[in-house]
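The first residue of the sequence shown is numbered 1, and numbering continues consecutively from there. Bear in mind that the values here come from a model prediction, so they are computed numbers and not experimental data.
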Amino acid sequence: MSEEHKKKIGIQDGHDLVQTDTKWEQRKGRDTDYYFYDEVDADGNVVGKYEVSVSMSIYPPFGTNVSWKQLS
């Protein structure tokens, strides 16, 4: 999943995403998974933090939405 999220966020070559946490919630007819990442440079230094949310309707037609935001 992290490679897909890396492309979605637009992480530059030589940097990587390291997953630090996940959480799940269900409300208002949606099942949402949250993934938390640190962006690290080639030397392993944290240069950014991100949250990626993957939300899916629990009712037909089961549409999925993926979004992200930078935390720092």
- From Thr64 OG1 over to Asp31 CG, what is the distance, rounded to the nearest 0.5 angstrom? 9.5 Å

- Look up atom CE in Met56 and atom CG in Asp33, then write down how far apart they are to the nearest 0.5 Å.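 That separation rounds to 10.5 Å.
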
- Message: If you compare all heavy atoms of Ser55 against all heavy atoms of Arg30, which two are closest, and at what distance to 0.1 Å?
- Response: OG-NE, 2.7 Å

- Item | For the student: nearest non-hydrogen atoms of Lys6 and His15, plus distance | NZ-O, 2.8 Å

- Item | Asp41 side chain to Asp43 backbone, donor-acceptor under 3.5 Å |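 Here the side-chain-to-backbone pair exists.
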
- Give me the other members of the hydrophobic cluster that Trp24 sits in, counting Ile, Leu, Val, Met, Phe, Trp and Tyr linked by side-chain heavy atoms under 4.5 Å, directly or via other members. none

With a 4.5 Å cut-off on side-chain heavy atoms, are [Y] and [X] touching?
X: Ile11; Y: Asp16; result: no
X: Tyr35; Y: Lys23; result: no
X: Val54; Y: Thr32; result: no
X: Val46; Y: Val18; result: no

- Message: Run the salt bridge (charged side-chain N to carboxylate O under 4.0 Å, His left out) test against Glu25 and tell me which residues pass, sequence neighbours left out.
- Response: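 If we apply the salt bridge (charged side-chain N to carboxylate O under 4.0 Å, His left out) test to Glu25, skipping adjacent residues, the hits are Arg27.
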
- Message: Checking Val52 against Ile9 for the side chain to side chain contact (heavy atoms under 4.5 Å, CB included) test, could you report, in this order, the C-alpha distance in whole Å, the side-chain angles of both residues, the deciding distance, and whether it holds?
- Response: CA-CA 9 Å; Val52 177; Ile9 295 169; 3.9 Å; yes

- Message: Filter on ring-ring contact (aromatic ring centres under 6.0 Å, His included), then keep only pairs touching residues 44-72, sequence neighbours left out; what's left?
- Response: Tyr50-Trp68

- Query: Do Val66 and Leu17 share a hydrophobic cluster, counting only Ile, Leu, Val, Met, Phe, Trp and Tyr and linking them when any side-chain heavy atoms are less than 4.5 Å apart?
  - Reply: yes

- Item | Non-neighbouring partners of Lys69 that pass side-chain contact (heavy atoms from CB on, under 4.5 Å), sequence neighbours left out | Glu51, Leu71

- Contacts of Gln70 that satisfy side chain to side chain donor-acceptor pair (under 3.5 Å) - sequence neighbours left out: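 Listed in chain order: nothing, the list is empty.
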
- Query: Residues in side chain to side chain donor-acceptor pair (under 3.5 Å) with Ser53, at least two apart?
  - Reply: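 If we apply the side chain to side chain donor-acceptor pair (under 3.5 Å) test to Ser53, skipping adjacent residues, the hits are Ser67.
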
- Message: Could you tell me if Tyr37 and His5 have a donor-acceptor pair between their side chains, going purely by distance under 3.5 Å?
- Response: yes

